[in-house]
Amino acid sequence: MLRTHTCGELKKENEGQIVSLCGWVSTTRLLGKSLAFIDLRDRYGITQINFNLLGKFSENDSAEKKQSGWESNLNLINKLGREFVIQVKGEVVERKAKNKNIPTGEIEVEIHSADAITILNESKTPPFTIEDESDGGDELRMKYRYLDLRRTPIKNNLLQRHKVGQAVREYFDKNGFADIETPFLIKSTPEGARDFVVPSRLNPGEFYALPQSPQTFKQLLMVSGFDRYYQVVRCFRDEDLRADRQPEFTQIDCEMSFVEQEDVLHMFEGMVKHVFKKVRNLDLPKFPRMTYADAMKYYGVDKPDTRFEMKIVDLTPNPSPKGEGSENLVRGKGFKVYDDAELIGGICAKDCAEYTRKQLDELTEWVKRPQIGAGGLGYIKYNADGTLKSSFDKFFDEASLKKIAEKFSATTGDLILILAGAETKTRKALGELRLEMGNRLGLRDKNKFECLWVVDFPLLEWNEEEQRWFAMHHPFTSPKKEDMDWMYNGYTEKNSAHAPKANAYDIVINGVEIGGGSIRIHNKELQQQMFKVLGLTKEETEQKFSFILNAFEYGAPPHGGIAFGFDRLCSMVIANEDYIRDYIAFPKNNSGRDVMLDSPSPIDEKQKKELGLK
RNA sequence: GGACUGGUAGUUCAGCUGGUUAGAAUGCUUCCCUGUCACGGAAGAGGUCGCGGGUUCGAAUCCCGUCCAGUCCGCCA
């Protein structure tokens, strides 16, 4: 070993020891001609080297010897640049001036001669500073990712990610789950995301697909009798990227046999709790359940951020057959927008009645952006003096406004924001507005973790454009028992009004979808019927899915499972954020490029020919 | 496929209602400094203002196009 210790472990107890350290020169500080400090950094920390440039000589040593020793010391310290890799041998001594900010701050390693330092490798000046707060932009940091990974925050993210992974494996092992690998070179299937595809040299003109997830394999493993399976596995989807989406990402893929939905929720809630306990020492309370319908109704999304309330209030008269909200508070006042709107809804922002015209105009512009797409923004200010002021005063008297305010349980000082328009779009816009207000009011607390299960997802959605049904989760999801009849007789209806519900569930933390799963179909006839409902012909079904249909003929057990986005789970557990690139060692940029490798790249003609591509 | 924001020194940014020699900080180089730890002080080098075209006496600045990056929408079973 070139070192006896790491740069993070020397403490006062080590005083007097002769040690050898290896690491990267973080900074050098030269103070005059006789004293220099070197911050030596490795994965474990930083240790200060105290370099006495005058050297250590006995009285008998000649002046020339002292002079040349000093000169070579000075030469060396001037030569040492940032990120040089060096080995240092010296004595651990207590510091005269201690640094309370670092764990090794009580000691330093003292050296007197250039001979104590071996340059193991030189370094060019790095293009950005290797510090906690780097001056480097994203693109540059990605290009020199190996340098970025030297920075403490990113390094810690990866080490914490390792801990999350260990906690996951520990939990599964303890609960009898077997880690079984599944292939990467598989078959392209319709439905779902776009496949990444790999040409086959041995079978010219034919292609493998990379798995979007090991879905069918894990089901086959259930048929094989491995009743508890998991895998931390790479998945591939050729879709556009986002801050929380990479073309290759890691799933914690899980499946269990002989279970019902409740068993699955219980088991994997346990896993998430275990991870939070192990990594952050947090004890999470039991995760609440919310139906998909309620999530959409009160939060405008299927992944509500429940760290704050501000639920959506529906003002549409007779919005549902049950007659909820049937009281007419908005129609027939002469305000055409509300008379015509399919949905009128709003949120109540606590203590925002003081919002200025400028702030409201800004919010209006915000909701009118094409990404949100609202036509406009209505508001009611419940002033501190009890009066009410709205953007539609022309049409509403104060009593009417008061009634609306009551519906929101608003009190003086509150601001009610109202959107109106087509139902789906408006509901979504309200959800976005709610999150935006949550941001502005600082309600999305970084120290808070609110987990919940969203359950009872619709099994299928009618797609108007393609005039066919789409599986909301995936085509292997089983319908709820009470909707079984629909699968055979109801599906000819071409709208989502009576669409069946599924035994499908998502786990959501702070408004981020961390994982999702379902109880699967394990019956061949039902699976065939599902493909039929989805518009696949018999031939397509046979060609694409015969393997799983065949398997179902040989005693498939009832089974269900879940898959977690491991990258998202990590970014959430480690930093409570929704940006995964800093938790992946070598991520890709917005256009799916690896800017370090400059990949993807063209291949040469010979290679293409060999693969049957030309 | 679309919306928005950005692209100026090695780096992060300012300058952008057109007009001297395009600035700051940081990094880099040299010198000074014996307890620093974001060390301090002095000096210096460093620029195809993303690219192409246009308007103009004159463009980093205005216009058009284009490329790249980021965030979002669509998309992501």
Side-chain angles (χ1 to χ4, degrees), chain A residues 26-41 46-54 78 81-83 93-102 104-105 108 110 124-144 147 189-195 211-213 215-216 235-247 249 365-366 368-373 425 428-429 432 435-436 457-461 463 465 469-477 502 504 513 516-518 520 530 534 563 565 578-579 581 589-591 593 595:
Chain A
S26 192
T27 54
T28 56
R29 292 181 290 280
L30 184 62
L31 283 79
K33 289 274 187 248
S34 57
L35 177 66
F37 296 103
I38 302 164
D39 282 348
L40 191 64
R41 181 193 64 235
I46 287 180
T47 298
Q48 177 167 282
I49 311 300
N50 177 334
F51 194 172
N52 179 352
L53 300 172
L54 294 175
N78 280 325
R82 291 195 289 137
E83 304 308 317
V93 300
E94 187 177 354
R95 287 201 200 182
K96 282 181 187 156
K98 299 190 172 48
N99 183 349
K100 291 201 173 78
N101 299 321
I102 57 171
T104 61
E108 63 196 355
E110 194 173 73
K124 297 211 298 195
T125 302
F128 53 88
T129 57
I130 316 275
E131 290 167 1
D132 291 6
E133 295 291 328
S134 173
D135 60 5
D138 284 352
E139 199 181 352
L140 199 66
R141 287 173 42 209
M142 290 252 247
K143 182 166 179 188
Y144 298 92
L147 295 180
T189 52
E191 293 284 310
R194 209 171 283 117
D195 282 318
Q212 299 173 22
S213 92
Q215 181 59 36
T216 48
C235 302
F236 307 86
R237 291 178 191 174
D238 188 8
E239 297 292 346
D240 286 6
L241 286 81
R242 290 283 189 283
D244 62 347
R245 269 164 33 189
Q246 285 273 302
F249 61 100
E365 285 310 308
W366 189 87
K368 283 165 92 170
R369 284 160 56 224
Q371 283 89 335
I372 308 292
K425 198 173 179 182
K428 210 177 149 200
E432 296 282 354
L435 291 177
E436 176 65 14
F457 272 80
L459 180 72
L460 298 154
E461 271 182 323
N463 182 307
E465 251 169 66
W469 289 101
F470 271 80
M472 196 146 172
H473 185 51
H474 58 52
F476 310 102
T477 303
E513 183 197 324
S518 62
R520 327 295 184 189
M530 173 60 93
L534 292 173
D578 191 13
Y579 181 85
R581 284 178 208 173
N589 78 1
N590 237 16
S591 350
R593 300 199 67 86
V595 293

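Letters A, B, ... mirror the listed sequences (proteins, then strands); counts begin at 1.
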S.K.: Mark yes or no for a side-chain to base donor-acceptor pair under 3.5 Å between A:R237 and B:C76, with no hydrogen or angle criteria applied.
M.R.: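 By the distance-only test, no, there is no pair.
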S.K.: Just name whichever nucleotide pairs with B:A22, Watson-Crick or G-U, keeping both distances under 3.5 Å, else none.
M.R.: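 Pairing partner: none.
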S.K.: So what does A:L30 touch, heavy atoms closer than 4.0 Å: a base, only the sugar-phosphate, or nothing?
M.R.: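 Base contact.
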S.K.: Hey, does A:E139 reach any base, or is it just sugar-phosphate, or nothing, if we go heavy atoms under 4.0 Å?
M.R.: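 Since only primed, P, OP1 and OP2 atoms lie under 4.0 Å of A:E139, the category is sugar-phosphate.
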S.K.: Name the nucleic acid region contacted by A:K100, choosing base, sugar-phosphate or nothing; use a 4.0 angstrom heavy-atom cut-off, strictly under.
M.R.: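 Nothing, no nucleic acid heavy atom in range.
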S.K.: Which residues satisfy the side chain to side chain contact (heavy atoms under 4.5 Å, CB included) test with A:N78, sequence neighbours excluded?
M.R.: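 A:N78: side chain to side chain contact (heavy atoms under 4.5 Å, CB included) contacts with A:L30, A:L74.
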S.K.: To the nearest angstrom, how far is A:N52 atom CG from B:U36 atom C1'?
M.R.: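 Going from CG in A:N52 over to C1' in B:U36 covers 14 Å.
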S.K.: CG of A:D138 versus P of B:U12: gap in Å, rounded?
M.R.: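 In whole Å, B:U12 P lies 10 Å from A:D138 CG.
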S.K.: Across the strands shown, which category fits A:F128 at heavy-atom distances under 4.0 angstrom: base, sugar-phosphate, nothing?
M.R.: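 Nothing: the residue A:F128, judged by heavy atoms under 4.0 Å, touches no strand.
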S.K.: With A:T104, which residues qualify under side chain to side chain donor-acceptor pair (under 3.5 Å), at least two apart?
M.R.: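 Testing A:T104 for side chain to side chain donor-acceptor pair (under 3.5 Å), a comparison that skips the adjacent residues, returns none.
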S.K.: More 5' along RNA chain B: A:T129 or A:S34, using each one's nearest nucleotide?
M.R.: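 Closer to the 5' end of RNA chain B: A:T129.
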S.K.: Is A:P475 touching bases, backbone alone, or none of the nucleic acid, heavy atoms closer than 4.0 Å?
M.R.: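 Counting heavy atoms under 4.0 Å across all strands, the contact made by A:P475 includes a base.
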S.K.: Using atom P of each nucleotide, how far apart are B:C16 and B:U61 to the nearest Å?
M.R.: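 These two P atoms come out 13 Å apart once rounded.
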S.K.: Is there a donor-acceptor contact under 3.5 Å from the side chain of A:K428 to the main chain of A:K425?
M.R.: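 No; judged by distance alone, with no hydrogens or angles, the pair does not exist.
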S.K.: Using atom P of each nucleotide, how far apart are B:G41 and B:G35 to the nearest Å?
M.R.: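 Those two atoms are separated by 16 Å.
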S.K.: Can you tell me how far P in B:G18 sits from the matching atom in B:A60, rounded to whole Å?
M.R.: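 Comparing P positions in B:G18 and B:A60 gives a spacing of 13 Å.
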S.K.: Give none if B:A42 has no partner; otherwise give the nucleotide forming a Watson-Crick or G-U wobble pair with it, both distances under 3.5 Å.
M.R.: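 WC or wobble partner is B:U30.
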S.K.: Expressed in whole Å, how much space separates the P atoms belonging to B:A3 and B:U8?
M.R.: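 About 24 Å, rounded to a whole number of Å.
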S.K.: For B:C28 versus B:U12, give the span between their P atoms, rounded off to a whole number of Å.
M.R.: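 Straight-line distance between the two P atoms is 16 Å.
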S.K.: Would you mind telling me which of B:G35, B:C73, B:C39 lies closest to the side-chain atoms of A:T27?
M.R.: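 The closest nucleotide is B:C39.
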S.K.: Using a 4.0 Å heavy-atom cut-off, does A:L53 contact any base of the nucleic acid, only the sugar-phosphate backbone, or nothing at all?
M.R.: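 Result for A:L53 = nothing.
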S.K.: Nearest to the side chain of A:R194 - B:C37, B:C75, B:C73?
M.R.: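 The nucleotide sitting nearest to the side chain is B:C75.
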S.K.: Base, sugar-phosphate, or nothing for A:S591, non-hydrogen atoms under 4.0 angstrom?
M.R.: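 Counting heavy atoms under 4.0 Å across all strands, the contact made by A:S591 is with sugar-phosphate only.
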S.K.: Taking the same atom, P, in B:U66 and in B:U48, what whole-Å distance lies between them?
M.R.: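 Their P atoms lie roughly 26 Å apart.
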S.K.: Paired with B:C4 by Watson-Crick or G-U wobble geometry, both distances under 3.5 Å: which nucleotide is it?
M.R.: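 Pairing partner: B:G70.
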S.K.: Reckon A:G137 touches a base, only the sugar-phosphate, or nothing at all at heavy-atom distances under 4.0 Å?
M.R.: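 It contacts sugar-phosphate atoms only.
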S.K.: Kindly say if A:N590 contacts the phosphate of B:U71, meaning a side-chain N or O under 4.0 Å from OP1 or OP2.
M.R.: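 Looking at the OP1 and OP2 atoms of B:U71, one of them is under 4.0 Å from a side-chain N or O of A:N590.
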S.K.: Counting heavy atoms from C-beta on, name the nucleotide in B:G10, B:C37, B:A69 closest to the side chain of A:A97.
M.R.: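 Comparing B:G10, B:C37, B:A69 against the side chain of A:A97, the answer is B:C37.
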S.K.: So does A:K428 get a side-chain nitrogen or oxygen closer than 4.0 Å to the phosphate oxygens (OP1/OP2) of B:G74?
M.R.: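 For B:G74, OP1/OP2 do have a side-chain N/O of A:K428 under 4.0 Å.
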S.K.: Compare side-chain N and O positions of A:K33 against OP1 and OP2 of B:C32 and report whether any pair is under 4.0 Å apart.
M.R.: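 Indeed, a polar side-chain atom of A:K33 lies that close.
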S.K.: With a cut-off of less than 4.0 Å, is there a side-chain N or O of A:R242 near OP1 or OP2 of B:G70?
M.R.: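 No.
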S.K.: Any donor-acceptor pair under 3.5 Å joining the side chain of A:R245 to the base of B:C75?
M.R.: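 Answer is yes: a donor-acceptor pair is held.
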S.K.: Does A:D240 make a side-chain donor-acceptor contact with the base of B:G74, cut-off 3.5 Å?
M.R.: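 When only heavy-atom distances are counted, A:D240 does reach the base of B:G74 through a donor-acceptor pair under 3.5 Å.
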S.K.: Mind checking A:E108 for me? I need base, sugar-phosphate or nothing, with any heavy atom below 4.0 Å counting as a touch.
M.R.: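 Touches a base.
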S.K.: Side chain of A:A243: nearest nucleotide among B:U71, B:U34, B:U36?
M.R.: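 Closest nucleotide to the A:A243 side chain: B:U71.
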S.K.: Are A:R29 and B:A38 close enough that a side-chain N or O sits under 4.0 Å from OP1 or OP2?
M.R.: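 Answer is no, no contact under 4.0 Å.
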S.K.: Describe the nucleic acid contact of A:R95 in one word from base, sugar-phosphate, nothing, applying a heavy-atom distance below 4.0 Å.
M.R.: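 If one applies the 4.0 Å heavy-atom cut-off, A:R95 turns out to touch a base.
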S.K.: Hey, is the side chain of A:Q48 pairing donor to acceptor with the base of B:U36 inside 3.5 Å?
M.R.: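 Indeed, a donor on one side and an acceptor on the other fall under 3.5 Å apart.
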S.K.: Heavy atoms only, 4.0 Å cut-off, all strands: where does A:F236 land among base, sugar-phosphate and nothing?
M.R.: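 Nothing, no heavy atom under 4.0 Å.
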S.K.: Give me the distance, rounded to whole Å, that separates B:C62 from B:G19 when you measure between the C1' atoms they each carry.
M.R.: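 My reading of the C1' atoms in B:C62 and B:G19 gives 14 Å.
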S.K.: Report the nucleotide, chosen from B:G35, B:G70, B:C72, that has the shortest atom-to-atom distance to any side-chain atom of A:R581.
M.R.: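 Minimum distance to the A:R581 side chain belongs to B:G70.
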S.K.: Determine the contact category for A:N589: base if any of its heavy atoms lies under 4.0 Å from a base atom, sugar-phosphate if only primed atoms, P, OP1 or OP2 are that close, otherwise nothing.
M.R.: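 Answer is sugar-phosphate: A:N589 comes under 4.0 Å of backbone atoms only.
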S.K.: P atom, B:U11 versus B:C4: distance in rounded Å?
M.R.: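 Roughly 28 Å separates the two P atoms.
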